[in-house]
Every structure is written in structure tokens, then in C-alpha cells.
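Heads up: the structure comes next, in C-alpha cells.
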Amino acid sequence: MTTTESKPAPNFIRAMVAEDMKTGRWDGRVVTRFPPEPSGYLHIGHAKAICISFGIAAEYGGTCHLRYDDTNPIKEEQEYIDSIKHDIRWLGFDWGEHEYYASDYFDQLYEWAIQLIRDGKAYVDDQPAEEIRHTRGTLTTPGRESPYRNRSVEENLDLFQRMKAGEFPDGTRVLRAKIDMASPNMNMRDPVIYRILHQSHPRTADKWCIYPMYDFTHGQSDSIERITHSLCSLEFEDHRPLYDWFCENLGIYHPQQTEFARLNLTHTIVSKRKLNQLVKDGHVRGWDDPRMPTLSGMRRRGYTPEAIRNFCDRIGVTKYNSITDIGLLEHTLREDLNKRSPRVMAVLRPLKVVIENYPEGQVEEMDAVNNPEDPAAGTRKVPFSRELYIEQEDFMEDPPKKFFRLAPGREVRLRYAYFITCTDVVKDDAGNVIELRCTYDPATRGGDAPDGRKVKGTLHWVSADESLPAEVRRYDHLFTKANPNEVEGRQDFTANLNPDSLKVLSDCRVEPSVVGAEAGTRYQFERQGYFCVDPDSTGEKLVFNRTVALRDTWAKMQKAGKV
RNA sequence: UGGCCCGUGGUGUAAUCGGUAACACACCUGGUUUUGGUCCAGGCAUUCCAAGUUCAAGUCUUGGCGGGCCAGCCA
């Protein structure tokens, strides 16, 4: 298998790790982690994070842990835990033995909470949520201290233990860190670190009715696992002081958190909440709908892990909030697919062609190259006969100057077969072209004219009788606008959903060589694009997803009005 | 009128201790071609602005301007 694995460009994180290795800051260790919350499916944005954390660890012979940040049982499910593992493996990464769950640390976390209380650095607050919100202050004004802030250690200990014992209903009390209600950083204004949630957990079942918050879990989990470089996205920058505060005040091993910008892609949404909404509201067929930017959707669409990894290597890593052109993703996809996909001929919108001077009942087996990029892929036979199908858009009755395809009186080449000339056009009562009458030149067998005459166009085709029926699902961007969040008035991002993101072509014909192809098999349909077999395929009818179209200079010319 | 972070071509990135802007995508030209694909050649930026330091500034300093994030008992 030929693939193009590009090297990741230098970036500030790599530079930092290289420096740490040089100075021996972590005794030569590199331990990173990928910490998903199992509350949804992984998407292309996660792929970037995965490539960074797993990639850097691998580069330095270190390890990258898979750790589920499962501290909120209200949102988390086993289904997500399973899909996440599957997707990371598919992407090509391996966490080995290092599969962890923050929930495995709940006992330790509880002990640390007790420690903070004993040290006078945490207290139980009886204020309701609204009151806590009110007294937190605003971005420009300091917060007010809770009246419960100075309870005795004994009372705090007692209350916290009773919270754990299930004596209080949800929302009635929380444990807060005692830091600084006047801090300009909202995260430091006595953050809530434990809340009461009488909710069964996918892993710990009903053992707990209090659950630690992210801030009280993440850094400590990193610490327990002796992570060296805790790489996360920019929105956690403001949380780093808190991360550091817990490590310092607990007196535990202290990893380095470093933030980078998350991926934004044009015409795409990468927000778990919004992706969830698309699924729940039925805008797409599920998490693995081929239009979704989820790894499962992209897999079903026909993306290769290599293409995604290459993409991630090329977008770089910075602290700048950028929006990457989805064209780059499509480029790395084509680049990979071009090298590995066997070529095949398929007609998506069939137009019948009858070769009048070709013997009735005769079928010839034409030799076709499987992959011009890979001689080792060999050749195959494609049946040719008197009645064929070509693409409707490959014929024009009154073509513009630069149209190189078939038209009345024009001669073109049928790929790997013969030169044919259109002699007549058959129409229905409505005036639609329903059939072409043509003649062929027997001397051009294989596609070359012995007399050296040239044709401008080469068309793909299938034999009417020998070809197989198929359905093709043609996808376009899920959102019409480059920035789907750009809406007017009260609209939300769904207002930018592309009504033509899925176009089903149900009367397609494919050459017989693909018979029985298994779901996931990829092909290039010559002159059209890359396609893969969808699991919806049946014995009677293959269903294909268009992974990505070939570059189409002709379409571009038409669009630019240069025709 | 708080704090933190960021600002290099249309886009995304690169540029060792300051040394005279590189790569990719996109776009435009042209060439090759039995895929209007691939491939090949060429074109496309005075680094947000303004001062300052320096022989020399994308890199350092100061001041502007612009953008992002933060007021969940989400992560």
C-alpha cells in the first residue's frame, strides 16, 4: 500500500518538548494523554488532538494514555466509551495498557477533597446554584464571599461526609475550594469542586452520589498518571492557574498543561453539542452519517485514516484561532485515494448508446488498467457490446466550443474500447434525449487510431446488459456557508444546513467487476470521483457513497463562464 | 469600564542566538495525458498600524488597533 505520510511541521509544543528533553525536566520521559468525555462521538477536531498527543509521545518514545474524563454521569454512556476506542484505533493509534478512567480515581479524589478541607482550603456551601451564580460577581466586578465560607473544619468534614452518604438531595450543597472571590480570573472565585448527583454512573454504578468537577479531576488525574505534558485546547487557558493551584496545594506531582487552538473547518461544525443536535433532530441519519465530521461518519464516507493523519500533520499547531479550508482535507483525501484506489467505470446518470454497426449479440472483453498510479494493480476485463450507457452530461446536442465530449457528428473515444461517432439523436415526446445512435471504428480497438487521428474526449461507459445496477449517494458540504454559525436574527446554525448535501442517484450502472464488493471497498469511478461501498448494499443492488469528487476543471470552467 | 491568549499572502503554517520571507492548499498561465484525474513548469506577501533600539527587526521595546476565551453544581 502506497501512502504519503508527511512529517508534522515544527511547532511550539514540539519545541517545548525538545527543550524539556534537553534540560531533563521530566527525566527524559514524555507521557501525554488524550482525555475524551464519553458524551458523544469523536470528530475531526478530536483527530487533531489525538494526532498531537499520540504523535508527540511516539516521536520521543513515550506513551500516550487514553483516559476517559467521566465525571458527569448525566451525559456519559457506555456506547460512547466503546465508539471512542474504536475510532482511535481506526485512526491508527494505540494506547497499549494505558486505558484509564477518571472514575477510577474517585476514592483518591475524595481523599484529596478531605485534605483540602482539613487544610482550611475547601468548604461546604449551602447556597443554591442561583445564589452562587449571583455572588460570583461579573467579569468586571469582584464576587462576594459565601456566608458559609468560614465554617469550621469539623463542620465541613461532617457535611461533606454526609453529602457522600447521600443525606442531601441534588443541588442542595456543594464543596468549594477556598481561593479568592475577588480574583480577576473567574475560575479562581471559589470554584465548585464537588456536586451532589444521585445518578448512576456507567462505571461506578451507584457507589457515588457526589461527583468531582472537571477542574478538581483533570489535573489530579494527570498527576496520578505522572503525565509530563498535558496538552489541551485554548479554552482551558484560564483554568491552568486552577490546575496549578490544586497540584501545589495538594502537594502532588505537577504536570505541565499547555494549550493549543482547536480545529475549525469551513462548511463544518465541530461542536459536540451541535453535532448531537443534528443527530437528535434528524437532520442527519445518525452519528455515522457520511456527511458528519465524526470519525465514524468519515469512515463510512470512505475517508482513510492516512488522509486524516496527513491532514492533521499539515494544519500545524498554534495558539491562533484559525479556520482551515476544508479543501485541504479534501486534498489530502484525494492524494491518498489517488494512489490506492482501483479504477472502475460507472455511469451515474445513464444515457443509452446503440452502436449501429456493431454486431448484435457480440460481447468483447476489453483490457482496462486497474490503477495507473500502481502498475502492480494489474489489469481487468470490461465487457463491451452493441448497447451501452454513457453519462448524460457527456452529450450535448448543441455544445459550446470547448466541449470535448459527444455531440451530433462528433467522434470521441470510449475508454479502453473504440472511437465512436454520434450519428443520430432519439428523443421522447417531451423532447428529451433518450438514446444516441452511433457508429464505431473497428480499427480503433483499445482506444488508439492506427491512422494517428486524435479525439479530444475520452468517455467512460458500461455495457447495458453486462453492467450492474447501483445506487450512488452524492454528498456535498453539510453547510452552505463557510462559517455555519454566521446567522441572521434568531436563527441558529441549522438555518445554514445545505438542502442539497445529499443527492441520491438510484439508477446507476457499474461495470461487472465490482460484483459482490464488501462494504467499505473503495474505488475511483473514472472521471468522477472516489466512492466506497456502503453497508446498506444488498445482494441485488450495491450502494455507493461518493467520498470525494475528482478535481473537475470542466465544471470550474463552466462555473467561471469560460465556456 | 476585569483577566488571560492571539495577530506572517485568499487559507493554514514555517523562518536556529535579531541577518534580509519558506512550504502546502486555493487561485491564475502553460505543458504532458486513452480519466477535462494524476503529473510537470511558471505566477501570486514590503509579516495589523505607529514610533523606538540596531549596521540589520516578522523576530526585541513601547503605544495603538483588531480578534478569541472566561460570569455551568458541563468538559
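Reminder, nothing fancy here: chain letters follow the sequence lines and each chain counts from 1. Keep in mind that the numbers below use all heavy atoms, side chains included, and drop hydrogens, waters and symmetry copies. Worth saying up front: this structure is predicted, and the values here are computed from it rather than measured.
Here A/Phe531 and A/Tyr523 keep their ring centres 6.0 angstrom or further from each other. In this structure, the ring of A/Tyr243 has its center no less than 6.0 angstrom from the ring center of A/Phe216. Taking the six-membered ring for Trp and the full ring otherwise, the centers of A/Tyr148 and A/Tyr123 sit at least 6.0 Å from each other. Between A/His201 and A/Phe106, the ring center distance clears the sub-6.0 Å criterion. Side-chain rings of A/Trp461 and A/Phe384 approach one another, their centers coming within less than 6.0 Å.
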Restricting to nitrogen or oxygen on both sides, can you table the protein-nucleotides 9-11 of chain B pairs closer than 3.5 Å?
from  : atom 1 : to       : atom 2 : distance (Å)
B/U11 : O3'    : A/Ile323 : O      : 3.4
B/U11 : O2'    : A/Ile323 : O      : 3.4

Quick test: give all pairs of protein nitrogen or oxygen and nucleotides 71-73 of chain B nitrogen or oxygen below 3.5 Å, distance rounded to 0.1 Å.
from  : atom 1 : to       : atom 2 : distance (Å)
B/C73 : OP1    : A/Arg136 : NH2    : 3.1
B/C73 : OP2    : A/Arg136 : NH1    : 3.1
B/C73 : OP2    : A/Arg136 : NH2    : 3.4
B/C73 : N3     : A/Gly171 : O      : 3.3
B/C73 : N4     : A/Gln127 : O      : 3.1
B/C73 : N4     : A/Ala129 : N      : 3.0
B/C73 : N4     : A/Gly171 : O      : 2.9

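Across B/G12, B/A75, B/U35, the shortest atom-to-atom separation from the side chain of A/Ile315 is found for B/G12. Nearest to the side chain of A/Thr71, among B/A75, B/A15, B/C27, sits B/A75. Side-chain proximity of A/Glu373 to B/U38, B/A75, B/U1: nearest is B/U38. Proximity note for A/Asp238 (side chain, C-beta onward) versus B/A75, B/C70, B/U35: the nearest is B/C70. Comparing B/C25, B/A75, B/G2 by their nearest atom to the side chain of A/His331 picks out B/C25. With B/A15, B/G36, B/G37 as the choices, the nucleotide that has an atom nearest any side-chain atom of A/Met557 turns out to be B/G36. Proximity note for A/Leu550 (side chain, C-beta onward) versus B/U29, B/U35, B/C25: the nearest is B/U35.
For the pair A/Arg173 and A/Phe168, the cation sits on the ring face: its NZ or CZ lies under 6.0 Å from the ring centre, inside 45° of the axis. With A/Phe260 as the aromatic partner, A/Lys319 does not meet the cation-pi criteria of under 6.0 angstrom to the ring centre and within 45 degrees of the ring axis. Geometrically, A/Arg203 engages A/Tyr101 in a cation-pi contact defined by less than 6.0 Å to the ring centre and at most 45° from the axis.
Atom CG of A/Asn11 is separated from atom P of B/U16 by 14 Å (rounded to the nearest Å). The nearest whole Å value for the distance from the CG atom in A/Leu337 to the P atom in B/G37 is 17 Å. Between the P atom of B/C70 and the CZ atom of A/Phe236 lies a distance of 10 Å, rounded to the nearest Å. A/Arg551 has its CZ atom 15 Å from the P atom of B/U35, to the nearest Å. A straight line from CZ of A/Phe404 to C1' of B/G37 spans 15 Å, rounded to a whole angstrom. Rounded to whole Å, the distance from NZ on A/Lys319 to C1' on B/G7 is 14 Å.
When heavy atoms are screened at a 4.0 angstrom cut-off, A/Pro35 is found touching no nucleic acid atom at all. Residue contacts shown for A/Thr140 include a base, since a base heavy atom lies under 4.0 Å away. Looking at heavy-atom distances under 4.0 Å, A/Lys556 makes contact with sugar-phosphate atoms alone, never a base. Among the heavy atoms of the strands lying under 4.0 Å from A/Glu526 is at least one base atom, whether or not backbone atoms are also near. In this structure, A/Lys562 reaches the sugar-phosphate backbone alone: every heavy-atom distance under 4.0 Å involves primed, P, OP1 or OP2 atoms, never a base. Nucleic acid contact class of A/His239 (heavy atoms, under 4.0 Å, all strands): base. Using a 4.0 Å heavy-atom distance criterion, A/Phe403 is classed as a base contact. Here A/Asp448 lies in heavy-atom contact (under 4.0 Å) with a base. If you check every strand for non-hydrogen atoms under 4.0 Å, A/Thr318 touches sugar and phosphate atoms only. A/Lys402 comes within 4.0 angstrom of a nucleotide base, judged by non-hydrogen atoms across all strands.
Using N1 to N3 plus N6-O4 or O6-N4 for Watson-Crick, or N1-O2 and O6-N3 for G-U wobble, each under 3.5 Å, B/C23 pairs with B/G12. Remark: B/C69 base-pairs with B/G3; criterion is Watson-Crick or G-U wobble with both hydrogen-bond distances under 3.5 Å.
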Report task. Give the C-alpha distance, both sets of side-chain angles, the deciding distance and a yes or no for ring pair (Phe, Tyr, Trp, His ring centres under 6.0 Å) between A/Tyr530 and A/Phe525. Result -> CA-CA 6 Å; A/Tyr530 299 96; A/Phe525 287 176; 9.8 Å; no
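With its glycosidic angle more than 90° from 0, B/G52 adopts the anti conformation.
For the salt bridge (Lys or Arg N to Asp or Glu O under 4.0 Å) test with A/Glu511, the passing option among A/Lys381, A/Arg415, A/Arg380 is A/Arg380; the others fail.
Ring-base stacking between A/Tyr320 and B/G7 is not satisfied when judged by a centre separation under 5.5 Å and a plane angle under 30°. Remark: ring of A/Trp554 stacked against base of B/G36; centroid gap under 5.5 Å, plane tilt under 30°.
A donor and an acceptor atom never sit less than 3.5 Å apart when one is taken from the side chain of A/Asn185 and the other from the base of B/G2. Applying the 3.5 Å distance criterion, the base of B/U35 shares a donor-acceptor pair with the side chain of A/Arg343. For A/Gln558 against B/G36, a side-chain-to-base donor-acceptor contact under 3.5 Å is absent. Applying the 3.5 Å distance criterion, the base of B/U35 shares no donor-acceptor pair with the side chain of A/Gln528. Evaluation of atom-type donor-acceptor distances gives a pair under 3.5 Å for the side chain of A/Arg405 against the base of B/G36.
Note on A/Arg527: a side-chain N or O is less than 4.0 Å away from OP1 or OP2 of B/G36. Within the 4.0 Å cut-off from OP1 or OP2 of B/U33, not a single side-chain nitrogen or oxygen of A/Lys454 is found.
Considering only heavy atoms from C-beta on, A/Leu265 stays 4.5 Å or farther from A/His477 through its side chain.
Between A/Asp190 and A/Arg149 a salt bridge is recorded (basic side-chain N to carboxylate O distance below 4.0 Å).
Between B/U59 and B/C48, the two P atoms lie 8 Å apart (nearest whole Å). Using P as the reference atom, B/U16 and B/U11 are 23 Å apart when rounded to the nearest Å.
Taking the six-membered ring where the residue is Trp, A/Phe236 and A/His239 present perpendicular rings, their angle passing 60° and hence far from 30°.
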